[in-house]
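See below for the structure under consideration.
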2 protein chains.
Amino acid sequence: MTTTAPLLDEQICFALYSASRALTARYRELLEPLGVTYPQYLVLLVLWEEGPSTVSHLGERLHLDSGTLSPLLRRLESAGHLTRARTADDERVVEVSLTPSGDALREATASIPAGVCEATGLDPAALVALQQQIATVAAHVRATL
Amino acid sequence: MTTTAPLLDEQICFALYSASRALTARYRELLEPLGVTYPQYLVLLVLWEEGPSTVSHLGERLHLDSGTLSPLLRRLESAGHLTRARTADDERVVEVSLTPSGDALREATASIPAGVCEATGLDPAALVALQQQIATVAAHVRATL
DNA sequence: CACAACTAGATTGCACGCAACTTACTGGAG
DNA sequence: CTCCAGTAAGTTGCGTGCAATCTAGTTGTG
């Protein structure tokens, strides 16, 4: 009996890694004309949905730490899409707020997800089911420490 | 009727992006003692499975370009896990081969996937079904140019 | 042979992710 | 009030991903 290495194509992690990059590439070509990257777009999604947020809150929603968010937010700030300000209440906390420019991107990007979803070749119902299944797996993996 | 921004938690791409990072984090903590990263592990998987490969072949299997692979292979080479050599037949082509050290990692990592799969909370059958569904989506997205 | 079009890898530059560390501020115990 | 553990964000360093460019080797065409 030989020790069998697991096959690449059988690995759920590679499927996720590979699919994530393929879909992100789709977003990239649609976001590029707007000068926004996919992770930056995710931050904007949270801000559009939930309004002004702290860096920590963005980190919780996206599962990213300050090491990733700080420079990313700095770039969005210098692009004029948002502002950062220490709160008066607690000087450690930075509140991130959209500028009109950042708000305007909401309409400019509104049609992007539909096009990307179509590229998956799945109907909306199947897509939602798949998305929820993947989210459940991610939550389970994150919880299993 | 207002323009509604899509919700973060409804996006299939974010689910994939998030799940991919969560699972990769699992691999990271198991691979870290071996001094290997997850993308490096993927390269090793191909080499274990298919033997000596060209850089292009690795790129096709993993959907990575030379800009990513060249430095990654250089690090695996200086770690002593593989060798790179221009082929005599065509001097443009670089063939990547495992060293005994790279071969040895096969056994050292053999038990990792099982542990990670368990952390997903899905039984093997469901995991295979999910993996294939995701791979199909990725292939479809990649094909839709 | 000469030479242009093509190809395989490598290099450069930039934006993530993430670990490890630092800085600045807060709140509580004594 | 002091001190000190705790916390939020920023910084540093390294390894990807990926676009764009470069280099060297190959192939076809006259």
Side-chain angles (χ1 to χ4, degrees), chain A residues 13-14 16-29 31-43 53-60 62-79 82-96 142, chain B residues 13-14 16-29 31-43 53-60 62-79 84-96 142:
Chain A
C13 190
F14 176 66
L16 287 166
Y17 164 82
S18 184
S20 172
R21 284 174 34 235
L23 267 176
T24 303
R26 257 323 139 68
Y27 273 98
R28 186 182 307 116
E29 57 192 39
L31 289 169
E32 191 272 335
L34 303 173
V36 176
T37 67
Y38 182 69
Q40 290 170 9
Y41 167 71
L42 292 179
V43 166
S53 305
T54 66
V55 175
S56 307
H57 178 70
L58 293 171
E60 284 166 21
L62 304 174
H63 304 289
L64 292 171
D65 68 2
S66 70
T68 300
L69 286 173
S70 285
L72 187 155
L73 294 171
R74 181 169 43 72
R75 282 184 282 271
L76 279 175
E77 185 180 36
S78 54
L82 53 79
T83 59
R84 288 187 291 175
R86 299 271 172 185
T87 61
D89 178 52
D90 185 337
E91 288 283 347
R92 292 170 302 179
V93 176
V94 167
E95 188 166 62
V96 178
R142 236 176 261 119
Chain B
C13 190
F14 176 67
L16 288 166
Y17 162 82
S18 185
S20 172
R21 288 197 293 118
L23 267 177
T24 302
R26 259 319 140 70
Y27 274 97
R28 187 180 307 118
E29 57 192 42
L31 289 171
E32 190 272 336
L34 303 173
V36 176
T37 66
Y38 181 69
Q40 290 169 9
Y41 168 71
L42 292 178
V43 167
S53 305
T54 66
V55 175
S56 308
H57 178 71
L58 293 172
E60 284 166 22
L62 304 174
H63 305 290
L64 292 171
D65 68 3
S66 72
T68 299
L69 286 174
S70 284
L72 187 157
L73 293 171
R74 182 170 44 71
R75 281 185 280 270
L76 279 176
E77 186 179 37
S78 54
R84 288 187 290 175
R86 300 270 171 188
T87 61
D89 178 54
D90 186 337
E91 287 284 349
R92 292 171 302 179
V93 177
V94 168
E95 188 165 63
V96 178
R142 237 176 261 119

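Hydrogens, waters and symmetry mates are skipped; everything else that's a heavy atom, side chains included, is used. Convention: sequence-line order gives letters A, B, ...; per-chain numbering from 1.
- What separates CZ of B:R86 from P of D:dG25 is a distance of 8 Å, to the nearest Å.
- Nearest nucleotide to the A:R75 side chain, out of C:dG9, D:dG10, C:dA15: C:dA15.
- Among the atoms of the strands shown, none is found under 4.0 Å from any heavy atom of A:H57.
- OP1 or OP2 of C:dT23 has not a single side-chain nitrogen or oxygen of A:R92 nearer than 4.0 Å.
- The nearest whole Å value for the distance from the CG atom in A:L23 to the C1' atom in D:dG17 is 16 Å.
- B:R84 has a side-chain polar atom (N or O) that falls below the 4.0 Å cut-off from OP1 or OP2 of C:dA10.
- Rounded to an integer number of Å, the gap from B:E32 CD to C:dA20 C1' is 13 Å.
- The closest side-chain donor-acceptor pair between B:R142 and A:S18 falls under 3.5 angstrom.
- The phosphate of D:dG10 has neither OP1 nor OP2 within less than 4.0 Å of any side-chain N or O from A:R74.
- Distances were taken from every side-chain heavy atom of A:Q40 (C-beta onward) to each of C:dG9, D:dA8, C:dC16; the shortest belongs to C:dC16.
- The listed nucleotides are C:dA15, D:dT26, D:dC18; the one nearest the side chain of A:T37 is C:dA15.
- Checked against C:dG17, D:dC18, D:dT26, the side chain of B:R21 finds its nearest nucleotide in C:dG17.
- You'll find that the side chain of A:P39 is closest to C:dC16, out of C:dC16, D:dT11, D:dG10.
- Nearest to the side-chain atoms of A:T68 among the listed nucleotides D:dC18, D:dG17, C:dG17 stands C:dG17.
- Between the OH atom of B:Y38 and the C1' atom of D:dG17 there is a distance of 15 Å, given to the nearest Å.
- One interatomic measurement links the two molecules: CG of B:L64 to P of D:dC18, which rounds to 7 Å at whole-angstrom precision.
- Distances shorter than 4.0 Å separate none of the side-chain N or O atoms of A:T24 from OP1 or OP2 on D:dG17.
- For C:dG9, the OP1/OP2 oxygens have no side-chain nitrogen or oxygen of B:S66 closer than 4.0 Å.
- Listed pair A:R28 / D:dA19 meets the phosphate criterion, a side-chain N or O lying under 4.0 Å from OP1 or OP2.
- Residue A:S70 places at least one side-chain N or O closer than 4.0 Å to OP1 or OP2 of D:dG10.
- Taking 4.0 angstrom as the limit, B:Y17 places none of its side-chain polar atoms (N or O) nearer than this to OP1 or OP2 of C:dC16.
- Using a 4.0 Å heavy-atom cutoff across all strands shown, B:L72 reaches sugar-phosphate atoms only and no base atom.
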